[in-house]
Structure formats: structure tokens, C-alpha cells
Amino acid sequence: MVAAPIFGYLGDRFNRKVILSCGIFFWSIVTFSSSFIPKQYFWLLVLTRGLVGIGEASYSTIAPTIIGDLFTRNTRTLMLSVFYFAIPLGSGLGYITGSSVKQVAGDWRWALRVSPVLGIITGTLLLIFVPTSKRGHAEQLKSRTWVKDMRDLVRNRSYVFSSLATSTVSFATGALGMWIPLYLYRAQVVQKTVEPCKFAPCSTKDSLIFGAITCITGFLGVILGAGATKWCRLKTQRADPLVCAVGMLGSAIFICLVFVAAKSSSVAAYICIFAGETLLFSNWAITADMLMYVVIPTRRATAVALQSFTSHLLGDAGSPYLIGFISDLIQQSTAESPLWEFLSLGYALMLCPFVVVLGGMFFLATALFFLEDRASAEQHESCSDPFTAGNCSDSEEASIL
């Protein structure tokens, strides 16, 4: 979260694929090294796990801008969909691989020694094969400051509202990813279909199922979002934010149904999770594409970085803790029993659908200003092009700088 603005600033001014690869190399080395830390240095393990965020900050802020410069319109939406599919795919594989490796090796540390190898490979492939794409003109960059970039982004209403909406998505995915496997396990204990686990190691079945669902729904979500947006663009120019709003509001309904279904049927709860996550994931690529439309190319890395910062700050940086805190408060005022362990966590998790509805409202607000902000960005981009700058007035050229 803290490193994202730094990488955004660097990404708008220096070689993006070198910065991107260095971030991935750093993440891989830190992850691998953390698996060898002895238990008496737990504080060091916490520190190294936190440093993983530097790797995320590098690729999550810079990679979308490279894709945005390499492709346009519907093709860009499709390519961003492929990129953002990697988030639920990697998250789902993390649940599956982490649980499986721990089971096979008998030691959780081996789960931290698998992904760094893949990170080194992909970082190397990025350096070799990713082309250096056009970003903007050097004279523009020299005249701009970070403060000017931030001021203009805050004034961009489509960007602000879509960033707030992204924060609600992050809030929900962070909380659900942390607590849903435990919630469904407690549901099965209440249903008496499984015995309570009192001694480690406990079953990882629910983590594996949730991971598989996350993988599949991530794939279906980005495909659904890209397809729906492409079709709706034929009907309205505000298709992007409207598709996101519908997806969020639909997702909230199914997330609410999870808590109803879990009381009697784990299968029904998993079905609701499947539908809710599919709709929730449908807006990831579309949100990134909207940013490409309403922000000029030479400011996009900073824009993605600021959006990443706010989505973590207001979203998954605190949502798992908040849900756990609310659940503990409820348990303290009730009798200690498996039923109340299940109910207290369910009541706490019911905050998620309300936050998702709020995200849908933010996307509807984005739709109000989307066309105006997109036209402004296109005008600025046209004025920055030396072949078309002659068609711009002096005031328009000055506004770019």
C-alpha cells in the first residue's frame, strides 16, 4: 500500500518493465528467504511477509499501464481481462497449493518456496519479451510534478468514484477470503456433518473448495464482464460503469444468500458464493479499462498507484481484522458454543454485502461523469500528439502541462 505511490511516480517517468521486473525479483527473494526464519525471530517473519507488498506494488501499478498502451478499445478490455484473471487464479491456486504443499511436506514453510521460482521465471521473461511501449512525450514529463498529477486526479470525478468502488471490492474480497472457509467449516459443525477440530492439523477441505471456486469464478467473472461491456457499448456509451454497478448489486444479493443457505446446506452456500464471486470479479478489468479512458497516458501509473493505495487502505488492509473484531465482540456477549461461534462470524460477515451495495452506488455515480471525463482525457491526449497539437488552442495545451 505504501510502496504503490512510489512505483506509480517511477512508472510514469522511467523504464517500466525494468521497474516491474525488479519488483518481482525482490518479492520472490524475500518470500523464499522468509521460509528459513527460525521461530525465535517471528518479528522478522512478519516484516518479510509485509515486504511482499513491494512486489505487488510494482506489477499492480505498472503492468496495467503497459497493457493500456499496447492495446485499444475492446482489445484492451480483453487483454486487461486476461491480466486481472491472474488475481483470482493466483489467489485460488494459493489456497490449493499452500494447503497441499503443507500437507505433503508436513511443514508450512515449503508453501513459501514454490511461488518464488515462478516469480523469477516470469520476471526474466518480462525483461526479455515485453516491448517498450509509447507512453507520452518527454517535454510533458519534465513540466509536470507529482503534486500536479495528484491534484488533477482528485479533480477527476470518474476516477475518484471508481476508486472508491474498487475499495469496496477489495474490502469484500479481503474479508471473504480470510473468513469464509472458517465460516463454512463452523456451519458444518453446527449441522453435525463434521466433528469439531480440537488439535492441529485440521482438515483443509474448505480452503481447497474455496480456492477452486475462486479460480473458476475469476475466469468466468472477467469473461462475463468483458463480454457484457462489449455488448452494452453498442447500446450506451456509459456501458463500463453501468455493467460494474449491476455486477456489484447482483453480487450483494448472492452474498446475503450465503448466510441464509449456510444454516442448512453447505452445498447451497457454495453455490451462492460461486454466483456472488463471479459477479464481484466481473468488474476488475472494466475498472482498469475505465481508468485508461479517463486518465491521460503519462499519468496512468500514478493513477493506478493511487487507486491501489486507497483500495488497500479502505479495503483489505483492515476488513479481515474488522470482521474478526466484530465477531469476537458478539461472542463475548453470548454463551460459548459452536452455534454462537458460527452465528457471530456470520453476523460480522453480513457487513460485506452492505459494503458491496455501496460500491454499486459509487459505480452509478461514476456513470454520471464518465463521458465528460473521457472526452477531457482524449482532448488532452490529442493535444500532446505533435501531429494533432496544431488543432488545439493555447489554453488547451497549457492545461496539459
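Treat the numbers as computed from the prediction; the structure is a model and nothing was measured.
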Donor-acceptor pair, side chain of W179 and main chain of P320, under 3.5 angstrom: yes
Close side-chain approach of R49 and L45, heavy atoms under 4.5 Å: yes
Any donor-acceptor pair under 3.5 Å from S282 side chain to G225 backbone: no
CD (Q237) with more than 12 external heavy atoms under 6.0 Å: no
Within 6.0 Å of CD in E336, more than 12 heavy atoms from elsewhere: no
Nearest heavy atoms of A262 and A187, plus distance in Å: O-CB, 3.6 Å
R113 (side chain) donor-acceptor with S35 (main chain) under 3.5 angstrom: yes
Which atom pairs, one a donor and one an acceptor, fall under 3.5 Å between side chains of residues 359-369 and the rest of the protein, sequence neighbours left out?
| unit_1 | atom_1 | unit_2 | atom_2 | d |
| --- | --- | --- | --- | --- |
| T366 | OG1 | S162 | N | 3.3 |
| T366 | OG1 | F362 | O | 2.9 |

Heavy-atom closest pair, residues N283 and T287: O-OG1, 2.7 Å
Within-4.5 Å side-chain heavy-atom neighbours: R299 and L153: yes
Heavy atoms of other groups near M178 CE, more than 12 under 6.0 Å: no
Nearest heavy-atom neighbours spanning P116 and T31: CG-CG2, 3.7 Å
Inter-residue atom distance F83.CZ - I66.CD1, 0.5 Å rounding: 9.0 Å
Qualifying residues under ring-ring contact (aromatic ring centres under 6.0 Å, His included), relative to F171, sequence neighbours excluded: none
Salt bridge (charged side-chain N to carboxylate O under 4.0 Å, His left out) contacts touching residues 166-188 (sequence neighbours left out): none
L80 and F71, any side-chain heavy atoms less than 4.5 Å apart: no
Contacts of type salt bridge (charged side-chain N to carboxylate O under 4.0 Å, His left out), residue R157, not counting sequence neighbours: E372
Spacing of CD1 belonging to I180 relative to CD1 belonging to I209, to within rounding of 0.5 Å: 13.0 Å
Donor + acceptor pair across side chains of E56, H312 (<3.5 Å): yes
Summary of ring-ring contact (aromatic ring centres under 6.0 Å, His included) pairs that have at least one residue in residues 205-225, sequence neighbours excluded: F85-F219, Y95-F210
By side-chain contact (heavy atoms from CB on, under 4.5 Å) - contacts of V46 (at least two apart): F42
Evaluation steps, side-chain contact (heavy atoms from CB on, under 4.5 Å), between Y159 and M290: CA-CA 8 Å; Y159 173 77; M290 281 194 292; over 6 Å; no
Nearest heavy atoms of A269 and A261, plus distance in Å: N-CB, 3.7 Å
Closest non-hydrogen atom pair, S170 against T173: O-OG1, 3.2 Å
Residues forming a salt bridge (charged side-chain N to carboxylate O under 4.0 Å, His left out) with R109, sequence neighbours excluded: D107
Flag if over 12 foreign heavy atoms under 6.0 Å of CH2, W110: no
Between CD1 on residue I120 and CG on residue L125, distance to nearest 0.5 Å: 11.5 Å
Under 3.5 Å donor-acceptor pairs involving side-chain atoms of residues 337-356, not counting sequence neighbours:
| unit_1 | atom_1 | unit_2 | atom_2 | d |
| --- | --- | --- | --- | --- |
| S337 | OG | W340 | N | 3.3 |
| S344 | OG | S327 | OG | 3.3 |
| S344 | OG | Q331 | NE2 | 3.3 |
| S344 | OG | W340 | O | 2.8 |
| S344 | OG | E341 | O | 3.2 |

Donor-acceptor contact present, side-chain D373 to main-chain V294, <3.5 Å: no
Cation-aromatic face contact R76/Y293, 6.0 Å, 45 degrees: yes
side-chain contact (heavy atoms from CB on, under 4.5 Å) assessment of F281 paired with V169: CA-CA 8 Å; F281 293 155; V169 176; 5.8 Å; no
Note, R374 side chain near S158 side chain (heavy atom, < 4.5 Å): no
S167 side-chain N/O to S163 backbone N/O, donor-acceptor pair under 3.5 Å: yes
Atom pair OH/OG1 of Y41 and T48 - distance to nearest 0.5 Å: 14.0 Å
Beyond-backbone contact of M248 with T168, side-chain heavy atoms, under 4.5 angstrom: yes
Sub-4.5 Å side-chain heavy-atom contact between V304 and V295: no
Test item: V190 and K263 side chains (from C-beta on) under 4.5 Å apart, heavy atoms: no
Straight-line distance of F370 CZ to L242 CG, nearest 0.5 Å: 9.5 Å
F32: partners by ring-ring contact (aromatic ring centres under 6.0 Å, His included), with sequence neighbours left out: F36
Atom pair OG1/CD1 of T278 and I213 - distance to nearest 0.5 Å: 9.5 Å
Residues in side-chain contact (heavy atoms from CB on, under 4.5 Å) contact with S21, at least two apart in sequence or another chain: F25, L126, L127
Which atom of S311 lies closest to which atom of T166, heavy atoms considered: CB-CG2, 4.0 Å
Candidate pair T65 and R16, rule side-chain hydrogen bond (donor to acceptor under 3.5 Å, both in side chains), full reasoning: CA-CA 9 Å; T65 67; R16 289 179 290 185; 3.2 Å; yes
Flag side-chain contact, heavy atom, 4.5 Å: P64 against M292: yes
Sidechain-backbone polar pair: T236 side chain, C232 backbone, donor-acceptor under 3.5 Å: no
Stepwise side-chain contact (heavy atoms from CB on, under 4.5 Å) check, L306 with T61: CA-CA 9 Å; L306 179 60; T61 58; over 6 Å; no
Salt bridge (charged side-chain N to carboxylate O under 4.0 Å, His left out) contacts touching residues 240-250 (sequence neighbours left out): R233-D240
By side-chain contact (heavy atoms from CB on, under 4.5 Å) - contacts of L279 (at least two apart): L224, S251, F254
